[in-house]
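Below is one structure, written out as structure tokens; the observations come after it.
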Amino acid sequence: MSEQKRLFLVDAYALIFRGYYAFIKNPRINSKGEDTSAIMGFMNSLLDVIKRERPDHLAVCFDKGGSTDRVEMFEAYKANRDETPEGIKTAIPYIMEILKAMHIPIMVKEGYEADDVIGTLSRQAEKEGYKTYMVTPDKDFAQLVTENIFMYRPVFGGGYETWGIPEVQKKFEVTDPMQVIDFLGMMGDSSDNIPGLPGVGEKTAKKFIAQFGSMEGLLANTDQLKGKMKEKVEANGELGLLSKKLATIMLDVPVTFNAKDFELDHPDVEKVKEIFQELEFRRLTDNFLKTFSSETETAQTAIEKTSEKTETKATPKEVKSAGSGQFSLFGGDNNSAEATTENTFTRKTTETTSHFYQSVAPGMATKLFIKNLMSQNSVCFDTETTGINPITAELVGIAFSWEIGKGFYLPIPENRDEAQELIEQLRPFFESESIEKIGQNLKYDIKVLAKYNVEVKGKLFDTMLAHYLINPDMRHNMDVLAETYLNYTPISITELIGKKGKNQLSMREVSLDKQTEYAVEDADITLQLKEHFQNELGEANTQKLFDEIEIPLLRVLAAMELEGINLDKAFLNGLSEQLDKDIKALESKIYAEAGEEFNIASPKQLGIILFEKLKLVDKPKKTKTGQYSTAEEVLSYLAKEHEIIQNILDFRGLSKLKSTYVDALPTQVEETTGRVHTDYMQTVAATGRLSSNNPNLQNIPIRTERGRQVRKAFIPRNEDYILLAADYSQIELRIIAALSKEETMIEAFKNGEDIHASTASKVFNVPLNEVTREQRSNAKTVNFGIIYGVSAFGLSNQTDLSRSESKELIDTYYATYPKLRAYMSEQVDFARDNGYVQTVLGRRRYLKDINSRNAVVRGAAERNAVNAPIQGSAADIIKIAMISIYNKLQEGNFKTKMLLQVHDELVFDVYKPELDNIKVLVKTEMENAFKMDVPLDVELDTGLNWLEAH
DNA sequence: ACATGAACTTA
DNA sequence: GTAAGTTCATGTT
């Protein structure tokens, strides 16, 4: 080809970081527990560039030993950068090795950054008549752009953009790319710790460049500035010039561009395959082989095949003149774009995938559709509504799919009667026991349909729940699942209805075509995910957990959430007024003691008052963000230094109480029902627990006298009802005793002893009836500590004991309960061997850090290995109890309803005439939910509010 | 308007 | 030392 030769210089670290963070929410971990995200991300980008552009010359540039020159100039340079993540550190040697096997030159120069190496090489290549493409997302490189030197930037969402002189001029509002240096010098760069001029950000920097052309020009003409800005710029001229120097990429690194060395050679395919195999990169191997086995393909076909709407091609001219365009018309082999499924930046969408999504017209078409629907064995459906609150949301349409790539959308009329009429036609489907229903977050759909008096019956498959069991540490929203498992990007809801807030549309206002595309796509994807997950459930041995716990529980939770709980608003309003008075009183006391008024709720202002004005302590503790720490544990320690401290602590406690509970709860009462409806999250807690939000009813205060008053506001539905609270007593300790088969502890439980006193008696070697309060309290702390994975440090923080006393106590504890200790190390060993731990029902938690070389990271994973099976087993057990109690209440047609779950407690609204039966029922089901060598014990209490019942 | 960190609530 | 959620202040979009 007579074309100008093209050199690609790759900024290695920038692409590695980018690749690593692209996977951050869903890191790639292989069976050896290695995080391979960074390697995979980098290789994807590199192969992508090669495939798209077919460069004839290519090199990858790394930093080495940081920039000694820049550190000499400014010692803070890059000083506050976070330490390189472990996953990136371990990736570097692999990447080096792969590059060697690919015969791609690696450029590094001790004491220089990749920017400098790339800058120098690009200038040398330019002299020899090359066009150079700097492959990096880093904006700093814009200063290097010339007629023959371009930036080749990966963009989020896929594709690349090429920045030449016009793009840089536009982006930075400069006339010459070199002015980018002045621009960066003025505004600074927090990630590189380039200080910049104080008070100058992006906007001001652009203005100055336009006005003065350069940093020097600005400093020479400060008389044209005014006010604060003039003072600041004049006072910081030195800093400005230094910043400019720091931002300048060096062009005199002692490296040489030798064209021959940079030619893109054929890789050592076997060697690369070997390394990829070791890393367990299957799809990447395919991608690699395709990239290089088809080296005869022209740049054009390669680009055509991976082209996307967001992409801007690097050199359109060259592409046009490249030969054999005839292949592109029908795409040759179309696999490559779709088969490289691990490539984060090229994903399938509804526009690139063939599908048949149709809306169903009213009348006959609907009748025929429903007939067809009723003849299916298994159907995926998804409801579209006017909002996210299922209590108030109205149905807009329902999507159905039972065949991949195909589905139907049934719009629901806005008129409520007409809507109900249509729903009635669908009732036989939803209430069919024989048709399996598939969905993503079915709890929502079930709640919405319940508002139309439709019960969803038959077998259920919820993809969100399935994935929660497959990998509880990930997120489970459909977008993430589609991207991870199907390499597919669904239409985003914001694309449809806009960002929330000002101009957000309701689903009803979206065109029917768009509703159909969006809704049926969701149903289609969910169906595809189901195919994916149903096998994985079996492989992870969690099928039973899915069928017998999570799926049945979904209906239980839907019922509890719909039920809600009655709240005494008037009582809370009274409480609020009292709190308000007390808070105001504390406020004026604090202002008087501080000698000025300030925002007590601002930790920043408070820190300054306490540690700079009042100088309460010589060397104040700081938080990780460099503020003074005013955390409770810090302040409590200072309480005797100054009266203000106790007042601040009281102020904080009361403010929290007022804002989070006393004032917030009444606003969360649903108007239509007059009750508070929390939302239980079934797929959030990594251990298998539920969580609760909007509002969170699992953290209603109880420890302090003032706080627990809030519980008085939770009341029965009317005078015919009474609240019943049922608590598992010490369930986690019972589980660890049973799992470890620690006889001494098991016996204590069997004999109904006070377990903390019993522990104290054994550990401190005193008769049970002579145990002191302090001994019992310390024993209690250790008992809980065991569940969390103790350390002497943690224990001494929690008790009055010193570090060495704590260590001694822990040692004696282990000596008293040797099997407990053995059990704990068994869990850690199991995690090391298998990569996960599990609960009594086989619920797994994967612990990728269990073999980390970083002791802190590994320690945390080890504590998880001990705690997850215990916390998780307790969660399993109460879930079993909830399901069986719910079923018994249904079967017996009881008026009593289960309302709340708080990890080891259930709260019921009991119809008074049923109380005796319910007490027996609840206690029996809870205590017999799961059989172990240790009995489970449940305490019951009733009352006219939640405080009395507890 | 949105995201983050600190502080505080629970089991 | 485990597991969560909410509020407020603060800084950037």
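The shown structure was predicted, so the numbers you read here are calculated from the model rather than taken from an experiment. Each chain gets a letter, A, B and so on, in the order its sequence line appears, and its residues count up from 1.
- With respect to the salt-bridge test (charged N to carboxylate O, under 4.0 angstrom), the residues A:Glu561 and A:Lys443 qualify.
- Residues from residues 653-664 of chain A that place a heavy atom under 4.0 Å from any atom of DNA chain B, listed by number: A:Lys656, A:Tyr661.
- Distances shorter than 4.0 Å separate none of the side-chain N or O atoms of A:Lys604 from OP1 or OP2 on B:dG5.
- Between A:Arg652 and B:dC8, a side-chain N or O to OP1/OP2 separation shorter than 4.0 Å is present.
- Among the nucleotides C:dG11, B:dA7, C:dG1, the one closest to any side-chain atom of A:Ser629 is B:dA7.
- Between A:Asn694 and C:dG5 there is no side-chain N or O to OP1 or OP2 distance below 4.0 Å.
- With 3.5 Å as the limit, one finds no donor-acceptor pair spanning the side chains of A:Arg734 and A:Ser873.
- Straight-line distance from the CZ atom of A:Arg708 to the P atom of B:dC8: 19 Å, rounded to whole Å.
- A:Lys613 NZ to A:Phe598 CZ: the interatomic distance, rounded to the nearest 0.5 Å, is 9.0 Å.
- OP1 or OP2 of C:dT10 lies within a sub-4.0 Å distance of a side-chain N or O belonging to A:Ser602.
- Residue A:Arg863 places at least one side-chain N or O closer than 4.0 Å to OP1 or OP2 of C:dT2.
- Cation-pi geometry between A:Lys622 and A:Tyr628 is met: under 6.0 angstrom from the ring centre, within 45 degrees of the axis.
- Remark: A:Arg843 engages A:Glu550 in a salt bridge, criterion side-chain N to carboxylate O under 4.0 Å.
- Contact annotation: A:Arg703 reaches the phosphate of B:dT10 (side-chain N/O to OP1 or OP2, under 4.0 Å).
- Set against C:dT6, B:dA11, B:dA7, the side chain of A:Pro603 has B:dA7 as its closest nucleotide.
- With B:dA11, C:dG5, C:dA4 as the candidates, the nucleotide lying closest to the side chain of A:Ala685 is C:dA4.
- Between the side chain of A:Gln871 and the base of C:dT2, at least one donor-acceptor pair of N or O atoms lies under 3.5 Å.
- Contact check on A:Asp849 versus A:Arg858 returns no salt bridge, with no Lys/Arg side-chain nitrogen under 4.0 Å from an Asp/Glu carboxylate oxygen.
- The side chain of A:Arg845 places an N or O atom within less than 4.0 Å of a non-bridging phosphate oxygen (OP1 or OP2) of C:dA3.
- In this structure, A:Ile600 atom CD1 and B:dA6 atom C1' are separated by 17 Å, rounded to whole Å.
- With distances taken from any side-chain atom of A:Pro701 to the nucleotides C:dT2, C:dT6, B:dT10, the minimum falls on B:dT10.
- Proximity of A:Asn864 to the phosphate of C:dA3: a side-chain N or O atom is located under 4.0 Å from OP1 or OP2.
- A:Ala686 comes within contact range of the sugar-phosphate backbone alone, with a heavy-atom separation under 4.0 Å but no base atom that close.
- A:Gln605 has a side-chain polar atom (N or O) that falls below the 4.0 Å cut-off from OP1 or OP2 of C:dT10.
- Side-chain contact check for A:Glu670 and A:Asn389: at least one donor-acceptor pair (N or O, by modelled atom type) lies under 3.5 Å.
- Within 4.0 Å (heavy atoms only), A:Glu905 reaches no atom of the nucleic acid at all.
- Of all nucleotides listed (C:dG5, B:dT9, C:dT2), C:dT2 comes nearest to the side chain of A:Asn867.
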